[in-house]
Engineer: 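Quick one: this structure, given as structure tokens, is what I'll be asking you about.
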Amino acid sequence: MRVEMVRAILTAGLCISAGSFLAAAVTADDILARAKKLHFSSLVVDTHDDTTQRFLNADFDIGVRNASGSVDLPRMQEGGLGAIFFSIWIPSKVTGPEAVTRAHVQIDAVREQVRKHPNDLVLATTAAEIREARKKGKIAALMGVEGGHMINSDLDVLRKFASLGVRYMTLTHSGNDEWADSSTDKAVHNGLTDFGKDVIREMNRLGVIVDISHVSDKTFYDALEVGKAPLIASHSSCRAICDAPRNMTDQMMKDLAAKGGVIQINYHVGFLSQEFRDAEKANPELNKTISAEVTKRCGDNEACQLIEGDRITREYVAQGKLPRVEWTKIIEHIDHAVKVVGADHVGLGSDFDGANMPYGMEDATKLPRITEALLQKGYSEGDIKKILGENTLRVMAEVERVSRELSSPTRK
Ligand SMILES: [Zn+2]
């Protein structure tokens, strides 16, 4: 395409400017080719996807290209996604034994998808298994529990989740649970309770990564202090750019990084763009109208709610009622985080199928754009590989090592 444009200009006789234009075009083509090669030779890991909700609908097939949503096998393959953490999520208000039961249903739903697609998907629980999956040309499926309320204040439930393959747990969702404060609720525990600290210790022993997305700042610092292994923020962005309480401040990112952790940047427009957030705040009726429309279309089907919420938000953007946010905002957040903590502590946690995606990052097929944009910014290939997935793999391996150490019978 670009080469054709250059040819057309040359034919038109615009020889003087054509030289520099040609050079620019060649450079852009060169970056595109390099990006493609780099992206598809990297292990791209996405630490947060809500596609699990769709698994509960009998009519959803991950094996075919879907017209709605962001994730299925063909689109993951086209976007070069090598490993994906499917989120086990239920709303914070669902608690007690029902929360445990519903979490188990979702864990089984993820495992069932793997059973149904043995040629393309494989359940992975370690960094080595992710690399092994890649060697076999398969996508590694992993699980993270999004919200500590699902263990019903019972460490046995946590152990059961771990034995079924869960490899991270977000300490809270948008509401507090019985032992930790959320960033979007009124603090009642002053961070983690004593039991909450025991949960962190047990997670370390089991090799389940502590995920501090969604939690209050005080919960984050308590978890950081108690934790013996690096933490992740599986889907959080930078508060310096977008002042959402569940985004991380520069200082929090530095403290997370000092203990080897990684912040995986979330693509949700309300966490990326201050302008979008301000527009939502300025017109609270808009959110109510969107929620009412979502309920009308979906009832209490959560998968439908997540997908339709994104679709209706897009309709509002098209009508000029909400600002349009471009995918390049993701790059701004990655770049900011890298400037603050370095390329060793930043990763990707899309929130696909659970949030409002920016224009140009509608689904997993668009992921190679991130690689291209970072190359264009002058990032080294090594740093880009780290951001795409190697940092997350490093944290996993370290969490596994700490788990082995804590479980060792020779430990004093
Ligand atoms: Zn979330």
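What's counted below: heavy atoms across the whole structure, side chains too, no hydrogens, waters or symmetry copies. The first residue in the sequence is number 1, and the count goes up from there. When a ligand or atom number is given, it counts from 1 through the structure's own listing order.
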Engineer: Pick from H48, H173, H149: which one makes a ring-ring contact (aromatic ring centres under 6.0 Å, His included) with H214?
Structural biologist: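 Going through H48, H173, H149 one by one, the ring-ring contact (aromatic ring centres under 6.0 Å, His included) with H214 is satisfied by H173 alone.
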Engineer: Restricting to N, O or S, what is the name of the atom of E146 that lies nearest the Zn ion (ligand 1)?
Structural biologist: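 Nearest to the Zn ion (ligand 1) within E146's N, O and S set: OE2.
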Engineer: For H214, what is the atom name of its N, O or S atom nearest to the Zn ion (ligand 1)?
Structural biologist: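 This turns out to be NE2.
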Engineer: Are R205 and E202 ion-paired here, with the side-chain N under 4.0 Å from a carboxylate O?
Structural biologist: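 Salt bridge present between R205 and E202.
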Engineer: Do the side chains of E405 and R401 get close enough for a salt bridge, i.e. N-O under 4.0 angstrom?
Structural biologist: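 Judged by the 4.0 Å cut-off on N to carboxylate O distance, E405 and R401 do form a salt bridge.
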Engineer: Do K377 and D383 meet the salt-bridge criterion of a basic N to acidic O distance under 4.0 Å?
Structural biologist: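 Between K377 and D383 there is no salt bridge, as every charged N stays at least 4.0 Å from the carboxylate O atoms.
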Engineer: May I ask you to check whether H235 brings an N, O or S atom to under 2.8 Å from the Zn ion (ligand 1)?
Structural biologist: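 A backbone or side-chain N, O or S atom of H235 is under 2.8 Å from the Zn ion (ligand 1).
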